[in-house]
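Please read the structure below before turning to the comments.
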Amino acid sequence: MEGKSTLALCRQPPYGNALAREGLEAVLAAAAMDLVPDLLFLSDGVFQLLDNQSPAEIHQKSLQRNLQALPMFGIEQIFVCGRSLIERGISADQITIPGVEVHQVQDTGKLIAAYDTVLSF
């Protein structure tokens with residue numbers, strides 16, 4: 001990797017608190033300033049990637065707009081922890097974000113170690 005590389009870990013469930021939304025907004029803000037980080041969704045953060053949820057029922061906004069904005073900000077690939085998907089009964093084909101390649105990762109430690117800076121949301 002050339003220059004400084006940044007990885008954002010998205011660990012929070014999409015709803016119930018503002019952490020997931022704030023994390024995605026921070027990533028988009030950084031990307032708008034040409035500091036485009038890579039993203040790794042793991043733990044309950046993998047639930048952020050499902051579009052079959054009904055956040056309006058709990059009076060929250062959907063994260064889908066934030067996710068769909070990723071390619072407009074130069075984020076065209078994301079990483080997803082394969083073990084987190086299996087543990088939560090989610091199949092890889094349930095995750096689709098237009099314009100974004102989704103890469104399943106088995107060794108998240110190796111991926112994380114390859115970055116100069118790691119942010120956790």
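Heavy-atom basis, side chains included; hydrogens, waters and symmetry copies ignored. Keep in mind it's a predicted model, so treat the numbers as computed, not measured.
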Test side-chain hydrogen bond (donor to acceptor under 3.5 Å, both in side chains) applied to Ser120 - qualifying residues, sequence neighbours left out: Arg11
Any side-chain heavy-atom pair of Leu24 and Phe121 under 4.5 Å: no
Donor-acceptor contact present, side-chain Asp38 to main-chain Leu7, <3.5 Å: no
Show me the side-chain donor-acceptor pairs of residues 65-86 shorter than 3.5 Å, one per line, residues at least two apart or across chains.
from: Asn66; atom 1: OD1; to: Arg21; atom 2: NH1; distance (Å): 3.4
from: Gln77; atom 1: OE1; to: His103; atom 2: NE2; distance (Å): 3.1
from: Ser84; atom 1: OG; to: Ser43; atom 2: N; distance (Å): 2.8

Distance-minimising heavy-atom pair for Ala92 and Gln104: CB-NE2, 3.3 Å
Shortest non-hydrogen contact between Gln64 and Gln48, atoms and distance: NE2-O, 3.7 Å
Pairs flagged by salt bridge (charged side-chain N to carboxylate O under 4.0 Å, His left out) wherever residues 88-107 is involved - sequence neighbours left out: Asp44-Arg88
Value rounded to 0.5 Å, distance of SG in Cys10 from CG in Leu42: 8.5 Å
Heavy-atom pair with the smallest gap, counting every atom of Tyr115 and Ser5: CA-OG, 3.4 Å
Ala20 backbone acceptor or donor facing Tyr15 side chain under 3.5 Å: no
Leu49 and its side chain to side chain contact (heavy atoms under 4.5 Å, CB included) partner, picked from Val102, Val100, Ile97: Ile97
side-chain hydrogen bond (donor to acceptor under 3.5 Å, both in side chains) partners of Asp34, counting only residues at least two apart: none
Counterpart residues, side chain to side chain contact (heavy atoms under 4.5 Å, CB included), relative to Thr117 (two or more places apart): Thr6, Leu119
Gap separating the CD atom of Glu25 from the CG atom of Leu63, nearest 0.5 angstrom: 9.0 Å
